Number of protein chains: 2
Amino acid sequence: MNSSASTKERILTAAEALFAQRGFEGASLRQLTAAAGVNLAAVNYHFGSKDHLVEQVFKRRLDQLNGRRMAALRLIASQPETSLEDVLSAFIRPALDLSHDGGGGLFMRVLARAFAEHDDSLRKFLSENYGHVMRQFTAEFARLLPGLSKEELYWRIDLVTGALTHAMSGFGIIQRKSDVSEVTHREQTAEHLIRFAASGLRAP
Amino acid sequence: MNSSASTKERILTAAEALFAQRGFEGASLRQLTAAAGVNLAAVNYHFGSKDHLVEQVFKRRLDQLNGRRMAALRLIASQPETSLEDVLSAFIRPALDLSHDGGGGLFMRVLARAFAEHDDSLRKFLSENYGHVMRQFTAEFARLLPGLSKEELYWRIDLVTGALTHAMSGFGIIQRKSDVSEVTHREQTAEHLIRFAASGLRAP
DNA sequence: CGTATCCTCAAACGATCGTTTGATTCCATC
DNA sequence: GATGGAATCAAACGATCGTTTGAGGATACG
């Protein structure tokens, strides 16, 4: 499958799916390379080690995700008026879109796993490479919610993050019904998330 | 350590800590039995298999947790008036208390991991044994939020669950400051959670 | 054709995994 | 004190893990 793509890409795609399904430790290189249709040794040849492969799986999608998030934030920041819902939309919709195009639908599950694992090296990697995105959004939230103390703001952003990660990794009872198109379902999901998060952030 | 407790209890306690730290697959029986100070074969002797041990780790804490949740819910249901905050308190505070007494502080991390793993047999176990608790709380939420459609209600409860699990498994930036007592910190955490969740549930 | 470079391959390496075995110790009951 | 089931122990089982090796194939440039 996917025999047209390069070996590296085939490995990354298969790894993403298998990590989402079985976890980082649960997915073996033998399952992984078999699914990708490449030789077992190809992982260590192209990525050096399994740990580096994990990092690259993250890097490929997070570069997409946070690039789009920053672009969306810049777009609304250039406008005269900005609502809390606008900022939340810039934060949430790129993540939902990732589930749609590029086949990155499984990545949010991988991300949820990464949150659950408290692996320090992975957290450091995430913080160093993408911390500035969170800081930018936090500043925007602070501007729009001037009544909140810094501590309260951090708390609520953390709770929003938890709700989004949980929802987007797809535990929810809510499944797309067959009579609703993928695009429509995504739009409804975004609206639910934004409405809930905005109201939670604005709590008295 | 803990040499007074029974072998089974020692294993369960060590397993809980190690599962929280390394995950179900990442924690080996050799690390686990060494930490508990028992023989390697003791796990299979007392629990049959590693999978059964995982189930028992869940059972021990969830019986506590959901027992207290149901008790708290019964208590407020017997009163003439009930607020949304009351129901949320009955849902949240027992989980926070678990972090305090009984040494179950690490269990919420284990639970967060269980959510991240999409293991079907584990989800079935959770649903069969504790599904009635969620159904009870859902009914109470529905009564207090009559304006919400069933679909909207499910959505929002799911988002609340995500926020709570995330917060309680302790990713947050928020750490307890040294000049704040454990009890005070827990109380502040509960208030943040309840205020955010109530406002999110009440979103227009 | 020669050869240099990148890549792929089957096979093996040592380590660690969950589990099982059979002997031994503990301990309540007679 | 003898007996028998419960519990613990060191040792080994086969399986699987991530990684390494060295030979061979593919391709481009001289």
Side-chain angles (χ1 to χ4, degrees), chain A residues 1-60 110 113-114 116-117 119-122 125, chain B residues 1-60 110 113-114 116-117 119-122 125:
Chain A
M1 58 167 71
N2 227 359
S3 59
S4 64
S6 73
T7 297
K8 278 184 86 162
E9 286 295 328
R10 299 234 301 283
I11 291 175
L12 283 170
T13 301
E16 184 173 77
L18 220 53
F19 288 160
Q21 188 185 347
R22 311 234 198 208
F24 304 114
E25 308 222 39
S28 75
L29 292 186
R30 283 169 178 81
Q31 298 172 338
L32 202 158
T33 51
V38 304
N39 186 270
L40 168 62
V43 170
N44 284 279
Y45 177 79
H46 286 284
F47 296 94
S49 70
K50 186 180 180 180
D51 284 340
H52 285 91
L53 170 61
V54 172
E55 275 194 6
Q56 291 306 308
V57 168
F58 275 92
K59 184 165 167 45
R60 182 172 69 153
V110 179
R113 278 187 184 273
E117 326 244 347
D119 185 289
D120 281 337
S121 67
L122 195 54
F125 172 80
Chain B
M1 58 166 73
N2 226 3
S3 59
S4 63
S6 73
T7 297
K8 279 184 86 162
E9 286 295 327
R10 298 232 302 281
I11 291 174
L12 283 171
T13 301
E16 183 173 78
L18 221 53
F19 288 159
Q21 188 184 347
R22 311 233 199 210
F24 305 113
E25 309 223 36
S28 75
L29 292 186
R30 284 170 178 79
Q31 299 171 338
L32 202 158
T33 50
V38 304
N39 188 270
L40 168 62
V43 170
N44 284 280
Y45 178 78
H46 285 285
F47 296 95
S49 70
K50 186 180 180 179
D51 284 340
H52 285 90
L53 171 61
V54 172
E55 276 194 5
Q56 290 306 308
V57 168
F58 276 92
K59 183 164 169 44
R60 183 173 67 153
V110 178
R113 278 187 185 273
E117 325 245 348
D119 185 291
D120 280 338
S121 67
L122 195 54
F125 173 80

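Below, chain A is the first sequence line, B the second, and so on; all start at residue 1. Everything numeric in this text was worked out from a predicted model, so none of it was measured.
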Rounded distance (Å) that lies between atom [atom2] of [N] and atom [atom1] of [X]:
X       : N      : atom1 : atom2 : answer
B:Leu53 : C:dT19 : CG    : C1'   : 14 Å
A:His52 : D:dG18 : NE2   : P     : 16 Å
B:Leu40 : C:dT19 : CG    : C1'   : 8 Å
B:Asn44 : C:dT19 : CG    : P     : 5 Å

Quick one, B:Val110 and B:Arg113 - any side-chain contact, counting heavy atoms below 4.5 Å? no
Got a list of protein N/O to nucleotides 7-10 of chain D N/O distances below 3.5 Å?
from: D:dA7; atom 1: OP2; to: B:Tyr45; atom 2: OH; distance (Å): 3.1
from: D:dT8; atom 1: OP1; to: B:Thr7; atom 2: OG1; distance (Å): 2.4
from: D:dT8; atom 1: OP2; to: B:His46; atom 2: NE2; distance (Å): 2.7
from: D:dC9; atom 1: OP2; to: B:Asn39; atom 2: N; distance (Å): 3.2
from: D:dA10; atom 1: OP2; to: B:Asn39; atom 2: ND2; distance (Å): 3.3

Taking only residues two or more places apart in sequence or in another chain, which ones pass salt bridge (charged side-chain N to carboxylate O under 4.0 Å, His left out) with B:Arg60? B:Glu9
Test of understanding: with side-chain contact (heavy atoms from CB on, under 4.5 Å), list the residues that count as partners of B:Ala42, not counting sequence neighbours. B:Thr7, B:Ile11, B:Val38, B:His46
With rounding to the nearest 0.5 angstrom, report the CG to OH distance, A:Leu40 to A:Tyr45. 15.5 Å
Which pairs of donor and acceptor atoms, one on a side chain in residues 51-58 of chain B, lie under 3.5 Å apart (sequence neighbours left out)?
from: B:His52; atom 1: ND1; to: B:Ser49; atom 2: OG; distance (Å): 2.8

Please list, one pair per line, the donor and acceptor atoms closer than 3.5 Å that link side chains of residues 23-34 of chain B to other protein atoms, with sequence neighbours excluded.
from: B:Ser28; atom 1: OG; to: B:Arg30; atom 2: N; distance (Å): 3.4
from: B:Ser28; atom 1: OG; to: B:Gln31; atom 2: N; distance (Å): 3.2
from: B:Gln31; atom 1: OE1; to: B:Ser28; atom 2: N; distance (Å): 3.3
from: B:Thr33; atom 1: OG1; to: B:Leu29; atom 2: O; distance (Å): 2.7
from: B:Thr33; atom 1: OG1; to: B:Arg30; atom 2: O; distance (Å): 3.4

If I compare all heavy atoms of A:Lys59 with all of A:Phe125, which pair ends up nearest, and what's the gap? CB-CZ, 4.3 Å
Interface polar pairs with nucleotides 14-17 of chain C, N/O, under 3.5 angstrom:
from: C:dC17; atom 1: OP1; to: B:Ser28; atom 2: OG; distance (Å): 3.3

